[in-house]
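One structure is given below, encoded as structure tokens.
Since this is a predicted model, take the numbers as computed values, not measurements. Just so it is clear: chains get the letters A, B, ... in the order the sequence lines come, proteins before strands, and each one is counted from 1.
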2 protein chains.
Amino acid sequence: MIGRDSSGVTISQVAAAAGVSRQTVSNVLNRPGRVAPETAARVRRAVEELGYRPNRAAQNLRERASRCIGFKIDSPAGMSNLLDRFLHALADAAGTAGYHLLLFTSAGVDEEVVAYEELIRTGTVDGFVLADVGVKDRRLPWLAKRGIPFVCFGRPWGLDHARFSWADVDGASGVAQAVDHLVSRGHRRIAYLGWPAGTGFGDERQSGWREGMRRHGLGDEGLSGGCTEDVAVAAAVAGSLLARPEPPTAFVCGSDTYAVAVRLAGGTDAGGYPKVEVVGFDDSPAATLMSPPMSSVRQPLAEIARRVVGLLVEEIQGPCTPPEGVMLRPELVSRPEPGR
Amino acid sequence: MIGRDSSGVTISQVAAAAGVSRQTVSNVLNRPGRVAPETAARVRRAVEELGYRPNRAAQNLRERASRCIGFKIDSPAGMSNLLDRFLHALADAAGTAGYHLLLFTSAGVDEEVVAYEELIRTGTVDGFVLADVGVKDRRLPWLAKRGIPFVCFGRPWGLDHARFSWADVDGASGVAQAVDHLVSRGHRRIAYLGWPAGTGFGDERQSGWREGMRRHGLGDEGLSGGCTEDVAVAAAVAGSLLARPEPPTAFVCGSDTYAVAVRLAGGTDAGGYPKVEVVGFDDSPAATLMSPPMSSVRQPLAEIARRVVGLLVEEIQGPCTPPEGVMLRPELVSRPEPGR
DNA sequence: AGGCCGTGTTTGATCGTTCAAATTGTCACT
DNA sequence: AGTGACAATTTGAACGATCAAACACGGCCT
């Protein structure tokens, strides 16, 4: 049975119902063992009957903590719903750590740091997760200087990694796995298509391809393309790579968007199957839904979210904790195309 | 200049700095006009110098409101990132209404209602937005019975619409616009592909197609297909419609996922252009990124979010407000394929 | 001079919880 | 019988903001 009023049962009402003082009720809930067994049982029954749940605002005020993690969401672009999936994983991880996830937006970069400061100053959140860290991101030193707890999903490219907390996947390893996969399927001229130099994570993914090719004793000259993450543009670049004298027979890509572009540029054979084999990155729904489905490198989002939250909670609870970086391994999801 | 400590400047400290009482500071901030001009100026300067921002937990406790809106996010499926975009719009709308958006997850339907009750009981949120309302959704009467404020994005199909607050787009109108568009481009055999009967919104979208065809004096027999929202399955259904004696020359679809499937099933002509013209629904990035880009019906997400938040805030502030439904018009985003 | 009004500012109480210290009760030991 | 130790429970205070009522002060009227 639950109380009549959906909200507003206080600890004092429970205390009155159980014939004890409010502090005893508090002890039953927070420090069991300090209370005699039968008293505790009586209190617990009253809690149950009235449907008492401690008021969050009062707890927050008392404990000087909101148990909320802030996350700035911006207008999404691109075809992958990585953000969606990460948000879900993050909310989940936060929940199991006893935190809630608070979403907010901001108009521009300047307003953004103001928003961070406001949320901390008002005690609305205890810290932040940043998922869109750019090269030499100004926000990181800004937040660090002010002692505002935060953790990044993605490394602080262009800054001293050791100065900040982050969790990220080893993009090079993921792409190298893709190369191994394609080599094992008989390919020898494997191209790479991804971002132009300078994005940090893009460079890393490309280096994974280069290194993978080297390991298999394969050359990489003339097999790499870089362009903005846009299907039409990427398809054109893929087309020009395929028009070379000795064209690639397969591609590894920086993201699924590039991979979709390669599929479009590569064309299909008589049986309607793609002529060029391709492996994407992010394992977005588009990869699954294509026909035939596409192999892709999957980031362990749930694990990343758990680690991000773990690091953040540490930083919130012990402000003297040194920053820490966590590197995770992505995994190739193989959806083999009809054998060669 | 900002205070040294990122958090923890209290109203009393400001009062002391300005040489007034804490209540005067409160009045300056909340009830200007009650305070003499020079006193107000002095207080404002102190606020500025110390970087004072009122503590949210204390306000929440006093005012018995969290100014937070809860939103349950579940593991996303499908290729559209509608949820992403809606979340951004919602966070934005909530922000301008003075609310924050609190995300949470839940394991199953039973845990979900428990989570709703917990969040309300503890005063963590003031109300909810539901974006995944199913036919005869049990959660709606459950929440309503308990007097928990909530607003749906999407109509409460299978329930009395007048009993709940919601904002939604007129799916029939959107699909009818798509039919008009295709007719104006010379098509006469226009097929529909969407969900099987029984989803509410799917039936509505189909009825928009049927009505549109009727209005143009066109027949609809044998031109409708329904199946799960899965590219492979939908492509097969589209293929079977295209294999008929008098095949459709164009399709309108329940979602972009169906539309992508039609593109795949329809094949391309000598010039590499799709043989079948298709209009999708949701205007997901996939529609833009396809080659050539695809027309699609766009839901006014920002407006929907504003209305949803508006209705919810009303319901939170005046619990006696009667439920209200808001219907908005979606808009066809035309990306014409090469002329016929 | 005493009462009244209006403006501007302050004091006290409150929201619901939890920490720290104080209180009561029980028993054992000298 | 008196004291100390200990367990169980209670009281007071605090977290930071705001509402309601009280208060000071000057001017105006009778």
Side-chain angles (χ1 to χ4, degrees), chain A residues 3 5-44 46-47 50-67 98 118-124 126, chain B residues 3 5-44 46-47 50-67 98 118-124 126:
Chain A
D5 208 335
S6 62
S7 157
V9 181
T10 78
I11 200 172
S12 298
Q13 290 171 26
V14 175
V20 296
S21 75
R22 58 189 199 288
Q23 183 60 37
T24 301
V25 178
S26 176
N27 285 338
V28 170
L29 268 49
N30 303 320
R31 210 140 324 178
R34 269 227 188 326
V35 182
E38 344 70 79
T39 314
R42 194 150 35 92
V43 168
R44 252 185 276 275
V47 166
L50 295 171
Y52 166 74
R53 306 266 58 216
N55 180 288
R56 199 60 178 265
Q59 285 184 322
N60 290 352
L61 176 58
R62 183 74 243 228
E63 324 210 313
R64 234 153 291 203
S66 66
R67 296 199 151 262
E118 174 84 2
L119 288 167
I120 286 288
R121 277 249 169 82
T122 57
T124 309
D126 296 336
Chain B
D5 208 336
S6 63
S7 156
V9 181
T10 78
I11 199 171
S12 298
Q13 289 170 28
V14 175
V20 295
S21 75
R22 56 190 202 286
Q23 183 60 35
T24 301
V25 179
S26 175
N27 285 338
V28 170
L29 268 48
N30 303 319
R31 212 142 320 182
R34 268 226 190 325
V35 182
E38 344 73 77
T39 313
R42 195 150 34 93
V43 168
R44 252 185 277 275
V47 166
L50 297 172
Y52 167 73
R53 305 266 60 216
N55 180 289
R56 199 59 178 267
Q59 285 184 321
N60 290 351
L61 175 58
R62 183 75 242 235
E63 322 209 313
R64 236 154 286 218
S66 66
R67 296 200 151 261
E118 174 84 2
L119 287 167
I120 285 289
R121 278 248 168 84
T122 57
T124 309
D126 297 336

To the nearest Å, give me how far apart [atom1] ([X]) and [atom2] ([N]) are.
{"X": "A:N60", "N": "C:dC15", "atom1": "CG", "atom2": "P", "answer": "18 Å"}
{"X": "A:N55", "N": "C:dT18", "atom1": "CG", "atom2": "P", "answer": "10 Å"}
{"X": "B:E38", "N": "C:dG8", "atom1": "CD", "atom2": "P", "answer": "9 Å"}
{"X": "A:N27", "N": "C:dG16", "atom1": "CG", "atom2": "P", "answer": "20 Å"}
{"X": "A:Q23", "N": "C:dA22", "atom1": "CD", "atom2": "C1'", "answer": "12 Å"}
{"X": "A:L29", "N": "C:dC19", "atom1": "CG", "atom2": "P", "answer": "12 Å"}
{"X": "B:R53", "N": "D:dG16", "atom1": "CZ", "atom2": "C1'", "answer": "14 Å"}
{"X": "B:R22", "N": "C:dT11", "atom1": "CZ", "atom2": "C1'", "answer": "7 Å"}

Nearest to the [X] side chain among [options], which nucleotide is it?
{"X": "B:I11", "options": "D:dA17, C:dT10, D:dT11", "answer": "D:dA17"}
{"X": "B:R62", "options": "C:dG16, D:dA17, C:dT10", "answer": "D:dA17"}
{"X": "B:L61", "options": "D:dT9, C:dC15, D:dC15", "answer": "C:dC15"}

Contact class for [X] (heavy atom, under 4.0 Å): base, sugar-phosphate, or nothing?
{"X": "B:R31", "answer": "sugar-phosphate"}
{"X": "B:N30", "answer": "sugar-phosphate"}
{"X": "B:T24", "answer": "base"}
{"X": "A:R64", "answer": "sugar-phosphate"}
{"X": "A:Q59", "answer": "sugar-phosphate"}
{"X": "B:S21", "answer": "base"}

Could you walk me through whether A:T10 and A:N55 pass side-chain contact (heavy atoms from CB on, under 4.5 Å), step by step? CA-CA 8 Å; A:T10 78; A:N55 180 288; over 6 Å; no
Kindly indicate whether the side chain of A:V25, heavy atoms from C-beta on, has any atom under 4.5 Å from the side chain of A:V20. yes
Mark yes or no for whether A:R42, through its side chain, and A:A18, through its backbone, hold a donor-acceptor pair below 3.5 Å. yes
Please check this pair: side chain of A:S66 against backbone of A:T124, looking for a donor-acceptor N/O pair closer than 3.5 Å. yes
Looking only at side-chain N and O atoms, does [X] come under 4.0 Å of OP1 or OP2 in [N]?
{"X": "B:T39", "N": "C:dG8", "result": "no"}
{"X": "A:T10", "N": "C:dG16", "result": "no"}
{"X": "B:S12", "N": "D:dA17", "result": "no"}

Has the side chain of A:E63 got a donor or acceptor atom sitting under 3.5 Å from an opposite partner on the base of D:dC15? no
If you draw a 6.0 Å radius around CZ in A:R34, do more than 12 non-hydrogen atoms from other residues or ligands fall strictly inside? no
Walk me through it: do B:T122 and A:Q59 pass the test side-chain contact (heavy atoms from CB on, under 4.5 Å)? CA-CA 10 Å; B:T122 57; A:Q59 285 184 322; over 6 Å; no
